[in-house]
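Quick caveat, the model's predicted, so the values are computed rather than measured. All values below come from the heavy atoms of this structure, side chains included, with hydrogens, waters and symmetry mates left out.
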Amino acid sequence: MYYPVTLDVLHQIFSKFGTVLKIITFTKNNQFQALLQYGDPANAQQAKLALDGQNIYNACCTLRIDFSKLVNLNVKYNNDKSRDYTRPDLPSGDGQPALDPAIAAAFAKETSLLAVPGALSPLGIPNAAAAAAAAAASRVGIHGVSTSANTVLLVSNLNEEVSGANLF
């Protein structure tokens with residue numbers, strides 16, 4: 001059985017820390033990676049603190065999260081490799097026409113996602129604790145913790161498909 005690391009899985013995981021605006025996935029040096037953009041730097045900081053070093057699936061896909069040097073992601077297509085959640089009207093890039101604006105607006109209001117049963121459940125870091133840690137880090141300037149206003153995260157050490165893994 002295969003458990004893919006898709007845009008929807010990443011969106012579900014990272015949305016627990018704030019509104020994810022855009023996601024781009026790509027392969028660099030034979031490594032599947034993603035760039036995620038939040039609307040608020042505090043949300044990006046919370047996600048980085050809580051998720052860096054955590055596994056998406058049981059005993060695999062240990063997330064490595066850093067702040068990207070990019071300040072904004074430019075998504076041209078909404079497809080299985082990239083998505084701009086603020087622009088559901090973007091074309092898919094496969095030669096198909098873009099969604100009708102009325103249909104795109106209806107999809108933009110949809111908030112439910114397919115659940116990944118138990119994904120990241122044993123983090124042991126409640127959202128409130130992650131928020132408090134991020135706020136404290138930004139106030140006191142803890143060494144090794146970015147206090148920049150960056151909203152873009154680079155997520156690496158992903159596998160596009162995981163064989164036989166158990167979900168948390």
Is the shortest heavy-atom distance from the side chain of [X] to the side chain of [Y] under 4.5 Å?
X   : Y    : result
V20 : Y38  : yes
L35 : T25  : no
Q45 : F17  : no
L73 : V152 : yes
D40 : T151 : no

Worksheet item: Are I23 and V71 connected, step by step, through hydrophobic side chains (Ile, Leu, Val, Met, Phe, Trp, Tyr) whose heavy atoms are closer than 4.5 Å?
Response: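 Shared cluster, no.
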Worksheet item: Does L21 belong to the same Ile/Leu/Val/Met/Phe/Trp/Tyr cluster as V9, with side-chain heavy atoms less than 4.5 Å apart forming each link?
Response: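 No, L21 and V9 fall in different hydrophobic clusters.
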How many angstroms lie between atom [atom1] of [X] and atom [atom2] of [Y], to the nearest 0.5 angstrom?
X   : Y    : atom1 : atom2 : answer
R64 : Q33  : CZ    : CD    : 13.0 Å
L36 : F14  : CG    : CZ    : 5.5 Å
D8  : S15  : CG    : OG    : 10.0 Å
R83 : S92  : CZ    : OG    : 11.0 Å
L63 : K48  : CG    : NZ    : 11.5 Å
S68 : N150 : OG    : CG    : 6.5 Å

Can you name the side chain to side chain donor-acceptor pair (under 3.5 Å) partners of [X], sequence neighbours left out?
X   : answer
R87 : D89
T86 : D84
N72 : K22, Q37

Tell me whether [X] contacts the main-chain N or O of [Y] through its side chain, where contact means a donor paired with an acceptor under 3.5 Å.
X   : Y    : result
D66 : L154 : no
S82 : N78  : no
T27 : N30  : no
T19 : G39  : no

Discussion item. When you compare the side chains of T62 and N157, does any donor N or O come within less than 3.5 Å of an acceptor on the partner?
Written reply: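 Judged by distance alone, the side chains do not pair up.
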Worksheet item: side-chain contact (heavy atoms from CB on, under 4.5 Å) between T6 and D80: does it pass, once the steps are laid out?
Response: CA-CA 7 Å; T6 64; D80 63 338; over 6 Å; no
